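Structure record follows, encoded as structure tokens.
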Amino acid sequence: MSSTERLAELLADARRAVVFTGAGISTESGIPDFRSPGGVWSKMKPIYFDEFVHDEAKRREAWNRTFNNAAGWTGAKPNAGHLAVAKLVQHGKVAAVITQNIDNLHQDSGVPARQVIELHGNATYATCLECGVRHELAVLKQSFLGRDEIPRCRSCDGLVKTATISFGQAMPPAPMARAEEETLACDLFLVLGSSLVVFPAAGFPLLAKQNGAKLVIINREPTEQDPYADLVIHDGIGATLRAVVPLD
Ligand code: NAD
């Protein structure tokens, strides 16, 4: 049996699957991943959460990067991999998509927002660090570029930051709790495009496996969790999923 036939069989047998995605599902949309050569942190140093909060120059630099889309995280379109995942959700096969990505492409591909669990936040809008109010980037951009104003909250004057989880920032408790619940409720856990080295997110596949779910890893390069998986496919996500999930 080929690996795609085995994947089709595992999907057919699953009653409640969970998809877990990393930067690798978005490379086919033109967004570089983290750890490949040419990845974003080979070009610029990350700005840590504490630096953003305590240093105005770092805040300015962070907003400059955001409005110049320096990391290339926004403005891309979903690819075949995202669309196949959306089909699996639509057919009721996949209950939730747990993602480390911040590019909003699962929602853009048609997965209802309530079924997307974002562990590292979302780069397509901003929130107030004090009161949590949402701010749209287009509005903030006008005053940043036009009047050189570093964004502050319109409601409480607190610091505003893109809704991503920065290095040194605490993981968001509600998505973490939901991700754990979905992981424990699934009978098939499908990893798509993650090197599985960023913890605590990378703990979910093993949790699923220990809890009795089947584990599938589709990733171009080997990961340390490959030995625990029921099926490992070292190939591109789009073509692999398209072979087992008809898009119409
Ligand atoms: P990673 O860069 O560590 O790993 C990505 C993996 O995907 C690599 O092992 C690579 O071999 C594989 N890959 C790349 N393209 C592939 C393809 N087309 N098909 C199959 N496999 C492919 O990414 P990670 O595990 O997500 O962890 C790093 C962090 O990167 C995450 O926390 C995430 O927040 C952040 N990030 C997000 C984006 C995004 O939102 N699109 C982009 C870059 C980084």
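Position 1 is the first residue of the sequence, and the numbers go up from there. Indexing begins at 1, ligand by ligand and atom by atom, following the structure's order. Since the model is a prediction, treat every value here as computed from it, not as a measurement.
- Ligand 1 places these atoms under 4.0 Å from at least one heavy atom of Gly193: 5 (C), 6 (C), 7 (O).
- A salt bridge links Glu182 and Arg16; the closest N-O separation between the charged side-chain nitrogens and carboxylate oxygens is under 4.0 Å.
- Proximity of Leu119 to ligand 1 is not established, as no heavy-atom distance is less than 4.0 Å.
- Less than 4.0 angstrom separates some heavy atom of Glu221 from each of these atoms of ligand 1: 8 (C), 9 (O), 10 (C), 11 (O).
- At a 3.5 angstrom cut-off on N or O pairs, Ile102 counts as close to ligand 1.
- Remark: ligand 1 atoms within the under-4.0 Å shell around heavy atoms of Asp235 are 19 (N), 20 (C).
- Under 4.0 Å is where a charged nitrogen must lie from a carboxylate oxygen, and between Arg59 and Glu61 no such pair does.
- The proximity of Pro32 to ligand 1, defined as any non-hydrogen pair under 4.0 Å, is limited to the backbone.
- Looking at ligand 1, you'll find an N or O of Ala23 within less than 3.5 Å of one of its N or O atoms.
- With a 4.0 Å heavy-atom cut-off, ligand 1 is reached by the backbone of Asn101 and by its side chain too.
- Heavy atoms of Ser26 found under 4.0 angstrom from ligand 1 belong exclusively to the side chain.
- Of all the heavy atoms of Arg220, the ones lying under 4.0 Å from any atom of ligand 1 are found in both the backbone and the side chain.
- Atom CD1 of Ile218 sits about 4.5 Å away from atom CD1 of Ile233, to the nearest 0.5 Å.
- Of the polar atoms of Ile237, at least one N or O is found under 3.5 Å from an N or O of ligand 1, judged by distance alone.
- With 3.5 Å as the limit, one finds a donor-acceptor pair spanning the side chains of His106 and Thr21.
- Contact annotation: for Leu105 versus ligand 1, there are no heavy atoms closer than 4.0 Å.
- Atoms of ligand 1 lying under 4.0 Å from any heavy atom of Gly22, numbered from 1 in the order shown and given with element: 26 (O).
- Every atom of ligand 1 with a heavy atom of Glu28 under 4.0 Å away is listed here by number and element: 17 (C), 18 (N), 19 (N).
- Taking CD of Gln115 as the reference point, atom CD1 of Ile98 lies at 12.5 Å (rounded to 0.5 Å).
- For Glu9, the side-chain hydrogen bond (donor to acceptor under 3.5 Å, both in side chains) partners two or more places apart in sequence, or in a different chain, are Arg6.
- Few gaps surround CZ on Phe49; more than 12 heavy atoms of other groups in view lie less than 6.0 Å from it.
- Heavy atoms from other residues, nucleotides or ligands lying under 6.0 Å from CD of Glu224 number 12 at most.
- Close approach to Val198 involves these atoms of ligand 1, each under 4.0 Å from a residue heavy atom: 27 (O), 28 (C).
- Salt-bridge formation is not detected for the pair Lys214/Asp13: no Lys NZ or Arg NE/NH1/NH2 atom is positioned less than 4.0 Å from an Asp or Glu carboxylate oxygen.
- Taking a cut-off of under 4.0 Å to the non-hydrogen atoms of Thr27, the atoms of ligand 1 that pass are 14 (C), 15 (N), 16 (C), 17 (C), 18 (N).
- Between His234 and the choices Asp226, Asn219, Thr223, the side-chain hydrogen bond (donor to acceptor under 3.5 Å, both in side chains) rule is met once, by Asp226.
- Close contacts between ligand 1 and Asp103 involve ligand atoms 39 (C), 40 (O), 41 (N) [criterion: under 4.0 Å to a heavy atom].
- Looking at Glu221 and Ser195, their side chains never bring a donor and an acceptor atom within 3.5 Å of each other.
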